[in-house]
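If you're wondering where the values come from, they're calculated on a predicted model, not measured in any experiment. Computation of the quantities below employed the complete heavy-atom set of this structure, encompassing side-chain atoms and omitting hydrogens, waters and symmetry-equivalent molecules. Convention: sequence-line order gives letters A, B, ...; per-chain numbering from 1.
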Number of protein chains: 2
Amino acid sequence: MTKQQLFAQIQKKKSFLCVGLDTDIKKIPEHLLEKEDPVYAFNKEIIDKTAPYCVAYKPNLAFYESQGVTGWLAFEKTVAYIRQRYPDQFVIADAKRGDIGNTSEMYARTFFETARVDAVTVAPYMGEDSVTPFLNYNGKWVILLLLTSNKGSLDFQFVQDQNGERLFEKVLRRSQAWASEDQMMYVVGATQGKLFEEVRKLAPDHFFLVPGVGAQGGSLEEVCRYGMNTACGLLVNSSRSIIYADSTETFAEAAGKEARKLQVEMAEMLERFL
Amino acid sequence: MTKQQLFAQIQKKKSFLCVGLDTDIKKIPEHLLEKEDPVYAFNKEIIDKTAPYCVAYKPNLAFYESQGVTGWLAFEKTVAYIRQRYPDQFVIADAKRGDIGNTSEMYARTFFETARVDAVTVAPYMGEDSVTPFLNYNGKWVILLLLTSNKGSLDFQFVQDQNGERLFEKVLRRSQAWASEDQMMYVVGATQGKLFEEVRKLAPDHFFLVPGVGAQGGSLEEVCRYGMNTACGLLVNSSRSIIYADSTETFAEAAGKEARKLQVEMAEMLERFL
């Protein structure tokens, strides 16, 4: 999917919501545990009810892997389901991968050939040759970790070099030489607040994937005020507050309602800041 | 496995070799492709022939994931095979994971409860709370990326802060507050050469996992001269130069021979530097 196609979806749906599929077998409604593949059954219902209000889905690989082979099957089936039923959705494998070149090539094969998602999240610590193998696929995206939403983001991401450049700024500057805004996005946590203004200045045209609204406490209004550009430039993710909105048989309806609530707020933000 | 148990194995076998199982379906001998699970079949033979000469195995997750569900099955079966037949081997999932706390918890569950390896490689970019969830398992290890063996290691790992401390030093210093040398090891690439001396000063008692000897060009002698401590403190990995030593029906014998060659060199190094 191209940047223009993604923006077209955002305009059509008046939403830049990404629904995070952090599906934990220990948290899904009990009645689903009888199903052959409870995680997949849960995801299917969540997707059917939230699809009108979002433009992207982000399965979080850790949750699938924790179930081993069964989990990988649920992940692949979930991606295939979205692809088939909702082909306009942008699908992100939230996997935080990155390794030496020949290994990153294999990860790229995993996500772009075997699982066929649109984008994969990548960690920058190992530098250029750990990232570029993911860029050899037409129409596919790297979403590079820049400023994450967690407390640990303070440990290394803000370290200043001798010219005052912080690590996240260096990652941003260097990585812009590896790929354009048509192939790379950045993770910028909603909890980073006003920093969005600085990051947006350094990357005026890139899309940001924004975790941390909802359970982690980030403010949608702040993210939009400081982070939105003329092509929206934001995919705001919400996982737990949508998919676990209700733990009974009406979980999917509740998830749809939460997604719709966010979509309405997002429509207003697009009105105000686009 | 404890540090003492690992050192005991090293002394017994006169080897600190880790065999990297970067098993690529496109590179294994043709006659194995008829097997039900060619990757597992390949690994089993490699393991049987190399086990006398090594103390650790390191399946590289990317290679398994690239085959989707089939690959995960091969990974799990490989780990189970080592566990059952060679219970004294240290098993490392080379996965380069790391995410916000609740997600790293799931990755820890993946590798320590579902797949039951001894250690997992973790990337430090997201800081403390992305690493510590892996430390909640008795007898299990985090192997944190510090100085990697690839060219991209130069991009960010050497960035100096305003006091002259380089990023890898900062990662090393801070992470030592998260866990002791009984639960944490560090990845230090063999290609880093003389830097081993500096890293060893900062972490006198830790084990280092050392990739980059062999196909990537690092020198075993240099690694040992500068990196060995009184409990060896080194696990030197070799992947491609062992497992792809021969591409015919005698591949496993050839792998065993390569592993034995390295073991002989290592015995000499232990003699000289321990």
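Annotation for B/Arg173: atom CZ counts as buried by contact number, over 12 foreign heavy atoms lying within 6.0 Å. Within 6.0 Å of the NZ atom in B/Lys77, the count of heavy atoms belonging to other residues, nucleotides or ligands exceeds 12. Counted within 6.0 Å of NZ on A/Lys35, heavy atoms from surrounding residues, nucleotides or ligands total 12 or fewer; the atom is thus considered open.
B/Gly152 and A/Asp129 make their closest contact through N-OD1, 2.6 Å (heavy atoms, listed as atom of the first residue, atom of the second, distance). Here the shortest heavy-atom pairing between B/Asn150 and A/Met126 reads ND2-O, 2.9 Å. Closest approach of A/Asp155 and B/Lys170 over heavy atoms only: O-CD, 4.4 Å. Pairing each heavy atom of A/Trp72 with each of B/Trp72, the nearest pair is NE1-NE1, 2.7 Å. When all heavy atoms of B/Glu76 and A/Val69 are compared, the pair lying nearest together is OE2-N, 3.4 Å. Residues A/Gln67 and B/Thr114 approach most closely at C-CG2, 4.3 Å, considering heavy atoms.
Ranked by heavy-atom pairs under 4.5 Å with chain B, the list A/Val171, A/Ile100, A/Thr148 is led by A/Val171. For the set B/Trp178, B/Phe75, B/Phe111, the entry with the most heavy-atom pairs within less than 4.5 Å of chain A is B/Trp178. Contact tally against chain A (heavy-atom pairs below 4.5 Å) for B/Gln157, B/Glu105, B/Arg240: the top residue is B/Gln157. Comparing A/Pro124, A/Gly164, A/Gly68, A/Gly98 by heavy-atom pairs within less than 4.5 Å of chain B, the highest count is held by A/Pro124. If you tally non-hydrogen atom pairs under 4.5 Å between each of A/Glu128, A/Gln162, A/Glu165 and chain B, the highest count goes to A/Gln162. Contact count against chain B (heavy-atom pairs under 4.5 Å) is highest for A/Asn102 among A/Asn102, A/Asn163, A/Val131. Taking chain B as the reference chain and counting heavy-atom pairs below 4.5 Å, the highest number among A/Ser130, A/Gly127, A/Ser153 is found for A/Gly127.
The part of B/Ser149 that comes within reach of chain A is its side chain, from C-beta onward, which places non-hydrogen atoms under 4.5 angstrom from that chain. Residue B/Pro211: no heavy atom, backbone or side chain, is found under 4.5 Å from chain A. Using a 4.5 Å cut-off between heavy atoms, A/Lys26 contacts chain B through its side chain alone, with no backbone atom that close. No part of A/Tyr64 comes within reach of chain B, as not one of its non-hydrogen atoms sits under 4.5 angstrom from that chain. Proximity to chain B (any heavy atom under 4.5 Å) is shown, for A/Leu61, by both the backbone and the side chain. Residue contact with chain B, scored on non-hydrogen atoms closer than 4.5 Å, is absent for A/Thr70.
For A/Phe168, the ring-ring contact (aromatic ring centres under 6.0 Å, His included) partners are A/Phe158, not counting sequence neighbours.
Side chain of B/Tyr125 to backbone of A/Leu146: a donor-acceptor contact under 3.5 angstrom is found.
In this structure, the side chains of B/Lys96 and A/Lys96 stay at 4.5 Å or more apart for every pair of heavy atoms. B/Asp161 places none of its side-chain heavy atoms less than 4.5 Å from the side chain of A/Arg166. Looking at B/Thr103 and A/Phe63, their side chains come closer than 4.5 Å, going by heavy atoms from C-beta outward. Between A/Ser66 and B/Tyr107 there is no side-chain heavy-atom pair separated by less than 4.5 Å. When side chains are defined from C-beta on, B/Asp24 counts as touching A/Arg109, because their heavy atoms get closer than 4.5 Å.
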Identify each donor-acceptor pair in which a side-chain atom of residues 133-145 of chain B lies under 3.5 Å from a protein atom, sequence neighbours left out, and give them as a table.
residue: B/Tyr137; atom: OH; partner: B/Glu113; partner atom: OE2; Å: 2.7
residue: B/Lys140; atom: NZ; partner: B/Val117; partner atom: O; Å: 2.8
residue: B/Trp141; atom: NE1; partner: B/Met1; partner atom: O; Å: 2.8

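B/Asp22 contributes atom CG, which lies 8.5 Å from atom CG of A/Asp99 (distance to the nearest 0.5 angstrom). Note that CG of B/Leu167 and CG of A/Leu167 are 5.5 Å apart. Values are rounded to the nearest 0.5 Å.
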